[in-house]
Structures are given as structure tokens and as C-alpha cells.
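Bear in mind the structure is a predicted one, so any value in this text is a computation, not a measurement. Numbering starts at 1 and runs along the sequence shown.
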Amino acid sequence: MRSSNHLIGLLNFFTFLLSIPILGGGIWLSTRANNTDCLKFLQWPLIIIGVAIMVVSLAGFAGACYRNTFLMWLYLFAMFFIIAALLGFIIFAYVVTDKGSGRPVANRAYDDYYLQDYSGWLVQRVEDASYWAKISSCIRDSKICSKLGRTVGGAPETGDMFVLRKLNPIESGCCKPPSDCGYVFNNETFWTPGTGLVSNTDCSNWSNDQEQLCYSCNSCKAGVLASLRKSWRKVSVINIVVLIILVIAYVIAIAAFRNNRRIDNDEPSGEARMTKEKPSRIQL
């Protein structure tokens with residue numbers, strides 16, 4: 001009994017420590033939501049789960065150390081729903097960020113992004129006009145495009161230098177016209193019309209107005225989804241590791257709880273229990 005209780009106590013303390021990176025991941029996503037990805041709803045379930053794991057782990061730790069049946073009941077009941085919620089959240093995050101990636105561009109170090117490469121619930125979110133207005137306003141306020149300017153040796157970089165830069169998805173999708181439009185580079189956010197594909201509606205949506213740029217382009221929406229996908233795949237690795245540890249801790253907690261119940265009911269275990277259930281017929 002003591003070994004299982006001690007083990008569940010140690011596992012819960014370890015789980016408590018693991019709730020810190022989960023909570024940190026949620027806060028990191030919240031920071032990116034305010035400054036980069038600009039999608040401000042997916043981080044809150046992760047923050048709530050992190051806080052819940054922290055609180056329930058403390059309850060399980062106390063229940064195991066003090067052999068408190070009520071706290072163990074509370075721990076088992078709450079942890080079951082936390083594990084189910086975390087599992088559902090991981091599956092949801094993978095499903096909504098499953099499809100889509102950048103397309104390599106010839107003679108370019110960066111990728112271009114197309115909304116038709118993505119599908120599902122998140123696409124519907126960014127295609128909603130009122131919702132996209134909030135996202136594009138967030139991107140504009142973050143000044144991410146105005147920070148693209150770069151000088152080399154005291155002089156502005158040239159187009160040949162620009163195409164060798166590793167742009168992130170939002171920089172590529174929102175701050176410049178798509179490569180197939182054939183626009184000519186003047187500076188990072190000012191391009192003049194050239195020869196390109198007129199079938200791409202983003203070509204006409206591009207504006208040299210620094211308050212407009214390609215914020216209304218489908219490539220910008222695709223860039224936001226690509227950025228979100230990268231962020232969530234990083235966080236999901238932590239979530240999966242924590243989920244595995246939570247399941248192990250939960251199984252051991254059940255064993256510890258059964259030991260507590262047996263002692264509370266004054267039930268012997270092992271050989272002593274067998275002797276009590278089947279006493280010898282010969283009494284001296």
C-alpha cells in the first residue's frame with residue numbers, strides 16, 4: 001500500500017510540474033494570438049486544462065500522502081474528465097490543422113501560400129468577413145509587415161536579396177503579392193505591376209497602400225492558417241507526452257485507491273487475507 005501511495009504521490013508531483021509547460025504553452029499561444037497568429041480562441045482550452053491538471057494533481061498528491069479517501073475520489077473523478085478533455089483537444093487540434101502547407105517557389109527561399117490548399121473548420125473561420133476583419137486588423141496592428149525593411153551596408157536591400165530571405169507564412173502571405181502575379185520588387189512592401197497570372201484574384205487585391213497591402217488576399221488567410229498549424233504542432237508534442245504520463249498516473253491512482261479502501265474496511269491482503277477467508281478447520 002505504501003509503495004503504491006508513494007508512487008502516485010510522486011507521479012502527481014511530477015504531473016504538477018508538467019502542468020507548468022502546458023500552461024506555458026497556452027500562454028505562449030496567447031502571446032502569438034495577440035501578436036502573430038491573431039486567432040484568439042484555441043489557446044484558452046489549453047490554459048484551462050493546464051490549470052485543472054495543476055489543481056487536481058495537488059489533490060491527488062494530498063490524497064495519496066494522507067490516505068484521504070475523499071481526495072482520492074475527487075482526484076479519480078476529475079482526472080478522468082481531464083484526460084478525456086486533453087485527448088479530445090489533441091485530436092481536435094490535429095484535425096483542424098491537418099491539411100495545408102506552403103508551396104515552394106522557383107528561385108525563392110520562401111514559400112507561397114494558397115487558401116485552396118486548406119480545408120475544414122478553420123478555413124470557414126477565416127473566410128467569415130467579420131471574423132477576418134478582426135484578424136487582419138490584428139496583423140496590421142502588429143506591424144509585422146513594416147518590420148520587413150532591411151538595409152545592407154547602409155543601403156536598402158535589392159530584389160535579388162529579398163528573394164533569398166526566409167519569410168514566415170504571414171510575412172509571405174500578407175506583406176507581398178503572390179509570386180505568380182509577376183509584380184516587380186521596389187522594396188519589401190512596395191511592388192509595381194508586371195506580367196503574371198490574372199486568374200489569381202490576389203493579384204488585383206494587392207495594394208501598395210501600407211494599411212492595405214495583401215491583408216484582404218486569400219494568401220494572407222492561408223499564411224495565418226500555416227502559422228497557426230506550425231504553432232499548434234509544436235504544442236501538441238508536449239500535450240501528447242503529458243497525456244501519456246497522466247494515463248499512467250491514473251492507473252496507479254486506481255491501485256492506490258483500492259489499497260486505501262481495503263485498509264479503511266480493515267481488509268487484510270496477500271496471504272493473511274487468504275487465511276482469513278479460508279481458516280483452518282483444526283483449532284488447537
Exercise. Rounded to the nearest 0.5 Å, how far does OH of Y110 lie from CG of L164?
Worked result: 9.5 Å

Exercise. With side chains defined as the heavy atoms from C-beta onward, is the minimum distance between S207 and Y215 less than 4.5 Å?
Worked result: no

Problem set entry | Least distance between heavy atoms, D202 atom then N218 atom | OD1-N, 2.9 Å

Exercise. Once you round to the nearest 0.5 Å, how far does OG of S57 lie from CZ of F13?
Worked result: 10.5 Å

For this session: Output every pair passing salt bridge (Lys or Arg N to Asp or Glu O under 4.0 Å) with a member in residues 209-231, not counting sequence neighbours, ordered by first then second residue.
Result: R140-E211

Problem set entry | C145/C174 sulfur atoms closer than 2.5 Å | no

For this session: For residues E188 and F162, determine if any side-chain heavy atom of one lies less than 4.5 Å from a side-chain heavy atom of the other.
Result: yes

Exercise. Rounded to the nearest 0.5 Å, what separation is found between the CG atom of L122 and the CD atom of E127?
Worked result: 11.0 Å

Problem set entry | Cluster link F190 to V184, ILVMFWY, side chain under 4.5 Å | no

Exercise. Short question: side chain of Q212, backbone of Q210 - any donor-acceptor pair under 3.5 Å?
Worked result: no

Problem set entry | Nearest non-hydrogen partners of C175 and L213, listed with the distance | CA-CD1, 4.5 Å

Problem set entry | Close side-chain approach of Y114 and D180, heavy atoms under 4.5 Å | yes

Exercise. If only atom types and distance count, is the side chain of S204 paired as donor or acceptor with the main-chain N or O of T201 below 3.5 Å?
Worked result: yes

Problem set entry | Side chains of T151 and E157, donor plus acceptor under 3.5 Å | no

Exercise. Are the sulfur (SG) atoms of C214 and C220 separated by under 2.5 Å?
Worked result: no

Problem set entry | From CA spacing to verdict: side-chain contact (heavy atoms from CB on, under 4.5 Å), Y250, I83 | CA-CA 9 Å; Y250 188 75; I83 291 174; 3.8 Å; yes

For this session: Search all heavy atoms of W132 against all heavy atoms of V224 and return the closest pair with its distance.
Result: CH2-CG2, 3.9 Å

Problem set entry | Residues which pass side chain to side chain contact (heavy atoms under 4.5 Å, CB included) with T158, listed by chain and number, not counting sequence neighbours | D160, M161

For this session: Output yes when a side-chain donor or acceptor of Q124 lies under 3.5 Å from a complementary backbone atom of W121, and no otherwise.
Result: no

Problem set entry | Joint hydrophobic cluster, L17 plus L58, side-chain heavy atoms closer than 4.5 Å | yes

For this session: Check the hydrophobic clustering (I, L, V, M, F, W, Y; side-chain heavy atoms under 4.5 Å; chains of links allowed) and say if L148 and V105 are grouped together.
Result: no

Exercise. Applying the 4.5 Å side-chain criterion to the ILVMFWY set and letting contacts propagate, would W73 and I53 be lumped into a single cluster?
Worked result: yes

Problem set entry | 4.5 Å side-chain heavy-atom contact, I49 and L23 | no

Problem set entry | Neighbour count >12 (heavy atoms, 6.0 Å) for atom OH, Y94 | yes

Exercise. Among I91, V247, L246, which residue meets the side chain to side chain contact (heavy atoms under 4.5 Å, CB included) test with L86?
Worked result: L246

Exercise. When hydrophobic residues are tied together by side-chain contacts of less than 4.5 Å, even through go-betweens, does F92 share a cluster with V237?
Worked result: no

Exercise. Could you go step by step and tell me if R108 and V163 meet the side-chain contact (heavy atoms from CB on, under 4.5 Å) rule?
Worked result: CA-CA 5 Å; R108 303 284 194 275; V163 298; 3.4 Å; yes

Exercise. Could you give the distance from CG (N205) to CG (N200), rounded to the nearest 0.5 Å?
Worked result: 8.5 Å

For this session: Please confirm whether the backbone N or O of P169 pairs with a side-chain atom of S172, one donor and one acceptor, at under 3.5 Å?
Result: no

Exercise. Just wondering, do V126 and Y131 contact through their side chains at under 4.5 Å, heavy atoms?
Worked result: no

Problem set entry | Whether S136 side chain and A133 backbone form a donor-acceptor pair below 3.5 Å | yes

For this session: Kindly give the heavy-atom pair with the smallest separation between D128 and S130, and that separation in Å.
Result: OD2-OG, 2.6 Å

Problem set entry | Under 3.5 Å donor-acceptor, S142 side chain and I139 backbone | yes

For this session: Would you please test R165 and R150 for side-chain contact (heavy atoms from CB on, under 4.5 Å) and show each step?
Result: CA-CA 11 Å; R165 290 176 61 176; R150 180 180 295 180; 3.5 Å; yes

For this session: Give me the other members of the hydrophobic cluster that I48 sits in, counting Ile, Leu, Val, Met, Phe, Trp and Tyr linked by side-chain heavy atoms under 4.5 Å, directly or via other members.
Result: none

For this session: Output yes when a side-chain donor or acceptor of S227 lies under 3.5 Å from a complementary backbone atom of G223, and no otherwise.
Result: no

Seminar exercise, completed: d(Y118 OH, L225 CG) to nearest 0.5 Å is 6.5 Å

Exercise. So, W191 side chain and G182 main chain: donor-acceptor pair closer than 3.5 Å or not?
Worked result: no

Seminar exercise, completed: Closest non-hydrogen contact found for I22 with G50 is CG2-CA, 3.7 Å

Exercise. Aromatic rings W232 and F89: how do their planes relate, parallel, tilted or perpendicular, breaks at 30° and 60°?
Worked result: perpendicular

Exercise. Is any side-chain N of the basic residue among D112 and K176 closer than 4.0 Å to the acidic one's carboxylate O?
Worked result: yes

Seminar exercise, completed: Closest non-hydrogen contact found for Y113 with A226 is CE2-CB, 3.6 Å

For this session: Step by step, work out the side-chain contact (heavy atoms from CB on, under 4.5 Å) result for L243 and I90.
Result: CA-CA 9 Å; L243 177 65; I90 291 172; 4.0 Å; yes

